[in-house]
Amino acid sequence: MSSQSQEPRVVSPGFNTRVYAVVRRIPPGCVSTYGDVATVLGSPRVARHVGFALAALRDDTVPWHRVINGRGRISFKGDTVRAIVQRQHLEAEGIEFSPAGVIVLARYRYRFDD
DNA sequence: GGTTTGACCATAA
DNA sequence: CTTATGGCCAAAC
């Protein structure tokens, strides 16, 4: 098979599928950070790719809203809508936000056990 | 197969 | 508290 599709496939992407697998492991009521997910994947420096993978995500089975940045805040770059929706999902799971819109990572952060 | 990008992170001011 | 800059590495162009 010489020519392969340019469009993203449902299986065998390589990196982003691993991201989805880890994010699915985050239980309800807990959150995780891009850096943590990247660390579980084996490289703590690929945090940017975690976000990039979630950006291309359109699978509802992946709780992408449970992933936030290392500062306990929702990162967004132009897509304000996504950030608002994300916050609503987190609040719906019982996660509290500080007045500044910051989540207490020390309390809600999930520990991956592998 | 090189260049740009990106839902980040750490550090500095 | 905020803003700016560099680095990091896989995916997209």
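What you are looking at is a predicted structure, and each value in this text was computed from that prediction instead of being measured. Just so it is clear: chains get the letters A, B, ... in the order the sequence lines come, proteins before strands, and each one is counted from 1.
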(request) Go along nucleotides 7-13 of chain B 5' to 3' and tag each nucleotide: B for a protein heavy atom under 4.0 Å from its base, S when only backbone or sugar atoms are that close, - otherwise. (result) BBS----

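Applying the side-chain hydrogen bond (donor to acceptor under 3.5 Å, both in side chains) test to pairs two or more places apart or on separate chains, none has a residue in residues 39-49 of chain A.
In this structure, the side chains of A:His65 and A:Val85 stay at 4.5 Å or more apart for every pair of heavy atoms. For the pair A:Leu105 and A:Ile68, the minimum side-chain heavy-atom distance is below 4.5 Å.
Contact annotation for A:Arg73: backbone-only contact, meaning every heavy-atom pair under 4.0 Å involves sugar-phosphate atoms and none involves a base.
The 5' end of DNA chain C is approached more closely, in terms of each residue's nearest nucleotide, by A:Val102 than by the other of A:Val102 and A:Arg45.
Taking the six-membered ring where the residue is Trp, A:Trp64 and A:His89 present perpendicular rings, their angle passing 60° and hence far from 30°.
Put simply, the side chain of A:Tyr20 gets close to the backbone of A:Ala53: a donor and an acceptor are under 3.5 Å apart.
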